[in-house]
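Working notes, beginning with the structure itself.
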Amino acid sequence: MVNLQGKTALVTGSTSGIGLGIAEALGRAGANIVLNGFGDVDAALATIAATGAQSAHHPADMRKPDEIEAMIAMARERFGTVDVLVNNAGIQHVAQVEDFPAQKWDDILAINLTSSFHTTRHVIPAMRARNWGRIVNIASVHGLVGSAGKSAYVAAKHGLVGLTKVTALETAGTGITCNAICPGFVLTPLVAAQIDAIAKRDGISMEAARARLLSDKQPSGQFVTPEQLGNLVLMLCSPFGDQVRGAAWAMDGGWTAQ
Ligand code: NAD
């Protein structure tokens with residue numbers, strides 16, 4: 001569908017889950033891949049190597065603007081430029097507003113929203129110079145609707161959808177597009193923690209907790225997969241995506257259709 005040979009993609013938070021799935025799809029399409037994130041970096045690099053793509057990893061903490069700048073500089077030094085930016089890094093914390101730890105609020109806003117402002121502002125000038133670029137912000141259904149207990153996450157993701165719209169408008173006359181993808185539940189470590197919490201809270205098995213999580217919100221009763229999200233990113237990177245600008249594209253098993 002899309003040939004990204006000679007192009008470079010930077011995916012934040014790509015050592016696990018959705019980010020790794022998207023990086024894998026971009027690697028299969030021929031792009032050089034810059035990974036970012038914590039945890040098992042070697043396993044993530046091996047996943048990308050298996051696609052045949054060139055890759056590198058930068059450990060920038062998305063809460064730290066100077067480390068974000070250093071990551072973009074490293075990507076440029078290694079591969080020349082960043083043509084595809086996927087802002088994916090994200091964390092979650094679930095608690096009522098009155099109990100929400102202030103530090104968690106700050107971290108969620110920094111990682112899930114502000115880091116995308118920094119990466120975006122650093123990559124746009126070179127994208128303008130080449131008159132081509134793709135910026136894909138991994139928001140969430142929580143960029144479109146709320147859920148109790150997720151104040152910081154919902155605020156950050158609504159903010160990310162807003163940043164997406166403005167970035168799309170500011171680049172509308174160019175070959176750069178910016179869009180958000182709004183997944184429903186995807187079975188990754190981020191959601192596994194929520195399933196674990198439901199199992200403990202309700203005294204039920206992990207399998208029953210998984211079904212309960214989905215039945216509360218996701219009419220399909222099935223998880224979205226990182227592979228499906230990777231293919232949506234590829235479509236946005238293809239010529240078919242040229243006029244998709246400022247969208248908040250749900251892939252959510254029907255969640256936001258209700
Ligand atoms: P995950 O926990 O599997 O992966 C998160 C990634 O972010 C990891 O690579 C981790 O190392 C990295 N990360 C965490 N803190 C970081 C920091 N300070 N600096 C740099 N990297 C950091 O989570 P996931 O489910 O794959 O989530 C990825 C994105 O998708 C997030 O933005 C999340 O909000 C969004 N999302 C997830 C779901 C879901 O159901 N899993 C649904 C909608 C949206």
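Atom set for the values below is all heavy atoms of this structure, side chains included, hydrogens, waters and symmetry mates excluded. In listed order, ligands and their atoms are each counted from 1. We count residues from 1, following the sequence as given.
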What does the N/O contact table under 3.5 Å look like for ligand 1?
{"from": "ligand 1", "atom 1": "3 (O)", "to": "S16", "atom 2": "OG", "distance (Å)": "2.6"}
{"from": "ligand 1", "atom 1": "9 (O)", "to": "G13", "atom 2": "O", "distance (Å)": "3.3"}
{"from": "ligand 1", "atom 1": "9 (O)", "to": "T15", "atom 2": "N", "distance (Å)": "3.2"}
{"from": "ligand 1", "atom 1": "9 (O)", "to": "T15", "atom 2": "OG1", "distance (Å)": "2.7"}
{"from": "ligand 1", "atom 1": "11 (O)", "to": "T15", "atom 2": "OG1", "distance (Å)": "3.3"}
{"from": "ligand 1", "atom 1": "11 (O)", "to": "F38", "atom 2": "N", "distance (Å)": "2.8"}
{"from": "ligand 1", "atom 1": "18 (N)", "to": "D61", "atom 2": "OD1", "distance (Å)": "3.0"}
{"from": "ligand 1", "atom 1": "19 (N)", "to": "M62", "atom 2": "N", "distance (Å)": "2.9"}
{"from": "ligand 1", "atom 1": "25 (O)", "to": "T188", "atom 2": "OG1", "distance (Å)": "2.4"}
{"from": "ligand 1", "atom 1": "26 (O)", "to": "I18", "atom 2": "N", "distance (Å)": "2.8"}
{"from": "ligand 1", "atom 1": "32 (O)", "to": "N88", "atom 2": "O", "distance (Å)": "2.7"}
{"from": "ligand 1", "atom 1": "32 (O)", "to": "K157", "atom 2": "NZ", "distance (Å)": "2.9"}
{"from": "ligand 1", "atom 1": "34 (O)", "to": "Y153", "atom 2": "OH", "distance (Å)": "2.5"}
{"from": "ligand 1", "atom 1": "34 (O)", "to": "K157", "atom 2": "NZ", "distance (Å)": "3.0"}
{"from": "ligand 1", "atom 1": "36 (N)", "to": "Y153", "atom 2": "OH", "distance (Å)": "3.4"}
{"from": "ligand 1", "atom 1": "40 (O)", "to": "V186", "atom 2": "N", "distance (Å)": "2.7"}
{"from": "ligand 1", "atom 1": "40 (O)", "to": "V186", "atom 2": "O", "distance (Å)": "3.3"}
{"from": "ligand 1", "atom 1": "41 (N)", "to": "V186", "atom 2": "O", "distance (Å)": "3.2"}
{"from": "ligand 1", "atom 1": "41 (N)", "to": "T188", "atom 2": "OG1", "distance (Å)": "3.1"}

task = Indicate whether the side chain of T12 and that of N36 have a donor and an acceptor atom separated by less than 3.5 Å.
result = no
message = Pairing donors with acceptors under 3.5 angstrom, does anything connect the side chains of Q194 and K150?
response = yes
side-chain hydrogen bond (donor to acceptor under 3.5 Å, both in side chains) pairs, two or more places apart, involving residues 162-185 = N137-T164
Side chains of V186 and P226 in contact at under 4.5 Å (non-hydrogen atoms) = yes
inquiry  = Can you confirm whether F79 sits close enough to V34 that some side-chain heavy atom of one is under 4.5 Å from a side-chain heavy atom of the other?
reply    = yes
Ring-ring centroid check F100 H93, cutoff 6.0 Å = yes
